[in-house]
Amino acid sequence: MEENVLSNDTLQQTNESEEPVELTELFVQKKKTVTFGDIILFQAILCVIAAILFTALNIFNNELACEIYEFYSEKSSAAGNIEETFEMLHNMLKAVPIS
């Protein structure tokens, strides 16, 4: 029985003598570079999320989805400033009553 206690004490001493490696130190050494493939993948993920959200909106609030689609169709076919498009979209979403 004492042999087990001694071996456990010895094991604890060896574990305490080793310095712990923090997770932040492991990740600081690795530097992530952004590639063109990463950008394309991120854009694809955003498109899929937008499509899912629009489909869910179409299921639950068909009128609002129709207005957004008409607004998007109108703005994508007309040449204009992108800031104006986002401002109009923001104003439209603020004007829609939440019920």
Side-chain angles (χ1 to χ4, degrees):
M1 181 88 174
E2 286 187 30
E3 291 178 12
N4 289 339
V5 173
L6 291 176
S7 63
N8 286 339
D9 289 339
T10 307
L11 182 62
Q12 287 176 354
Q13 288 175 356
T14 57
N15 286 341
E16 289 175 3
S17 65
E18 296 177 8
E19 293 182 17
V21 178
E22 293 187 21
L23 290 177
T24 54
E25 292 177 7
L26 293 174
F27 291 111
V28 167
Q29 296 173 357
K30 296 181 181 181
K31 186 175 182 179
K32 174 70 176 155
T33 57
V34 178
T35 63
F36 184 70
D38 293 338
I39 295 170
I40 297 298
L41 179 64
F42 185 72
Q43 293 294 320
I45 290 170
L46 287 179
C47 288
V48 168
I49 289 172
I52 291 170
L53 290 175
F54 186 76
T55 303
L57 182 66
N58 193 22
I59 291 171
F60 295 113
N61 194 345
N62 193 11
E63 293 174 3
L64 179 60
C66 184
E67 288 179 20
I68 291 174
Y69 180 75
E70 288 174 1
F71 178 76
Y72 175 76
S73 297
E74 177 186 323
K75 291 301 174 184
S76 64
S77 63
N81 192 357
I82 190 71
E83 292 175 9
E84 293 174 2
T85 304
F86 283 120
E87 184 179 343
M88 290 179 71
L89 182 62
H90 182 259
N91 291 337
M92 185 187 76
L93 290 176
K94 283 181 18 182
V96 174
I98 299 175
S99 52

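It should be emphasised that the depicted structure is a prediction, and the values quoted were computed from it without experimental measurement. Below, all heavy atoms of this structure are taken into account, side chains as well, without hydrogens, waters or symmetry copies. Along the sequence shown, residues carry numbers from 1.
- More than 12 heavy atoms of other shown residues, nucleotides or ligands fall within 6.0 angstrom of atom CZ in F54.
- Under the 4.5 Å side-chain contact rule for hydrophobic residues, L64 and F71 share a cluster.
- Hydrophobic clustering (side-chain heavy atoms under 4.5 Å, transitive across Ile, Leu, Val, Met, Phe, Trp, Tyr) keeps I40 apart from V48.
- Under a hydrophobic-cluster definition in which Ile, Leu, Val, Met, Phe, Trp and Tyr are linked whenever side-chain heavy atoms come within less than 4.5 Å, directly or via other members, M88 and L57 are assigned to the same cluster.
- Under a hydrophobic-cluster definition in which Ile, Leu, Val, Met, Phe, Trp and Tyr are linked whenever side-chain heavy atoms come within less than 4.5 Å, directly or via other members, I59 and Y69 are assigned to different clusters.
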